[in-house]
Amino acid sequence: MSFIIHNNILPSHLGKTFVNDFSRLKQVIISRHNSNSQSRWLERQWNDHYTREAKLQNLKSRAAFKLIEIDDKFHLFNKSKTQSILDLGFAPGAWSQVIKSRSSPDSMILGVDILPCTPPHGVSAIQANILSRKTHELIRLFYSKHFKLNTIDKLHKNHGYFQHMLEEELIRLKETETYKEVFSSDDNSKIIKSPIDIILSDMYAPWPQDFNSKFSMNNITNNAYIRMANTSGLTVRDHAHSIDLCDAALITAIDLLKPKGNFVCKLFTGNEDKLFEKRVRKVFQDCYRFKPKSSRNESKEVYIIGLNKNEAIDKFDVFTT
Ligand SMILES: C[S@@+](CC[C@H](N)C(=O)[O-])C[C@H]1O[C@@H](n2cnc3c(N)ncnc32)[C@H](O)[C@@H]1O
């Protein structure tokens, strides 16, 4: 079914080519970028141990090592247990690669990103904005085994589904007898209200788009981003934007995570981060703040880990006190 998208990992010869041509490529690329800040950024990337290691291991980005460190410490993924795992802001897909390699083959892994991106092999993906309530409904549908979405339409098998297509699909689904039977039935056992074991969010400013892609100037994508990035002053904006996305991830966890489920959320620190941590403490029995070694010292990012979601949560209480 085309709602589930598979792609293939880079052919292994690409890794070898990368190593052989490494120095030459470095010179060419750095010399093409005149501005000091661009050159400094590129220089840092080339010299960074984790960036090089990610290339060698065919990982989509160095972000993979942050999740590896988080999992080594908090033991989220289980190879011998089927888990439902949601990766928010999954593009370009390094975390999804780690999740896939550390979880059981039967686990259901869904990536959600506002940008179009083909997920790693064995991972499913939708292109949608997590700030939209409809996205939550679609995620719930995905994990509900009662539905097989889009069995015929293969139009977007390489790029995922755009939000409006998913919404059209949802409207169409609501008319079907199966939907009415499951979601309007008094038999609660059929409804999987909170189907997910682990929710991870590494969301932040959209990953640069592939400008050769026909989707690169897609308005649906860019409008949503512009709406979110509406504060002034860079550090303040980074923090405010990050808190908005963290709250969106926390609401997703309140709505869709099973009791005892676990949560990981990237946060750019600032004057509101203690408040966010306080909110996480109301939802989970245990809450930790973790800075992986692979996260650069100069970066303001930290990861908030919520373990063992509480049974009953009063959303109003979480967000008002
Ligand atoms: C730092 S990247 C994630 C990297 C990813 N964890 C990996 O390992 O490859 C942050 C992602 O969050 C996504 N994002 C930002 N806002 C979003 C939103 N409102 N809904 C869904 N995804 C969003 C961006 O498009 C971007 O791809």
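Both ligands and their constituent atoms are indexed starting at 1 by order of listing.
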Atoms of ligand 1, numbered as shown, that sit under 4.0 Å from any heavy atom of Asp202: 1 (C), 2 (S), 3 (C), 4 (C), 5 (C), 6 (N), 10 (C)
Over 60° means perpendicular and under 30° means parallel, so tell me whether Tyr288 and Phe74 are parallel, tilted or perpendicular. tilted
NZ (Lys73) with more than 12 external heavy atoms under 6.0 Å: no
I'd like to check whether Ile114 has a polar contact with ligand 1, where a contact means an N/O of the residue lying under 3.5 Å from an N/O of the ligand. yes
Numbered in order shown, the ligand 1 atoms found under 4.0 Å of a heavy atom of Ala63 are 8 (O)
Do any nitrogen or oxygen atoms of Asp87 come within less than 3.5 Å of a nitrogen or oxygen of ligand 1? no
Run the salt bridge (Lys or Arg N to Asp or Glu O under 4.0 Å) test on Glu277 and Arg289 for me, step by step, so that the C-alpha distance in whole Å, both residues' side-chain angles and the decisive distance to 0.1 Å come before the verdict. CA-CA 8 Å; Glu277 234 178 291; Arg289 172 182 279 246; 2.7 Å; yes
Salt bridge (charged side-chain N to carboxylate O under 4.0 Å, His left out) test vs Glu301 passes for just one of Lys66, Lys291, Arg296, namely Lys66
Are more than 12 heavy atoms, taken from residues, nucleotides or ligands other than Lys81, located less than 6.0 Å from that residue's NZ atom? no
For ligand 1, which is the ligand I care about here, please tell me if Gly93 has any N or O atom under 3.5 Å from one of the ligand's N or O atoms. yes
May I have the step-by-step check of side chain to side chain donor-acceptor pair (under 3.5 Å) for Ser242 and Asp244, ending in yes or no? CA-CA 5 Å; Ser242 169; Asp244 280 354; over 6 Å; no
Within ligand 1, which atoms have a heavy atom of Phe90 less than 4.0 Å away? 5 (C), 7 (C), 9 (O)
Honestly, for Trp95 the part within reach of ligand 1 (heavy atoms, under 4.0 Å) is both
Quick check on contacts: which atoms of ligand 1 are under 4.0 angstrom from a heavy atom of Ala94? 7 (C), 8 (O), 9 (O)
Atoms in ligand 1 flagged as close to Lys266, the criterion being non-hydrogen separation under 4.0 Å: 1 (C)
Could you walk me through whether Asp273 and Lys278 satisfy the salt bridge (Lys or Arg N to Asp or Glu O under 4.0 Å) test, starting with their C-alpha distance in whole Å, then the side-chain angles of each, then the deciding distance to 0.1 Å, before giving a yes or no? CA-CA 9 Å; Asp273 60 58; Lys278 198 172 155 197; over 6 Å; no
Below the 3.5 angstrom mark, is there an N/O of Ile130, backbone or side chain, next to an N/O of ligand 1? yes
Out of Pro92, Gly111, Ser132, Gly89, whose heavy atom is nearest to atom 11 (C) of ligand 1? Gly89
Could you see which bit of Leu245 sits under 4.0 Å from ligand 1, with heavy atoms only: side chain, backbone, both or neither? side chain
Looking only at side-chain N and O atoms, does Gln83 offer a donor or acceptor that is under 3.5 Å from a partner on Ser104? no
So is Ala128 in contact with ligand 1, going by heavy-atom distances below 4.0 Å? yes
Does any N or O atom in Ala91 lie less than 3.5 angstrom from one in ligand 1, N or O only? yes
Would you check if there is a donor-acceptor pair between the side chains of Asn297 and Ser299 at a distance under 3.5 Å? no
Only heavy atoms of Leu115, strictly under 4.0 Å: list the atoms of ligand 1 that pass. 25 (O)
Which heavy atom of Leu257 sits nearest a heavy atom of Lys309, and at what distance? O-NZ, 2.6 Å
Can you list the atoms of ligand 1 that are under 4.0 Å from a heavy atom of Asn129? 18 (C), 19 (N), 20 (N)
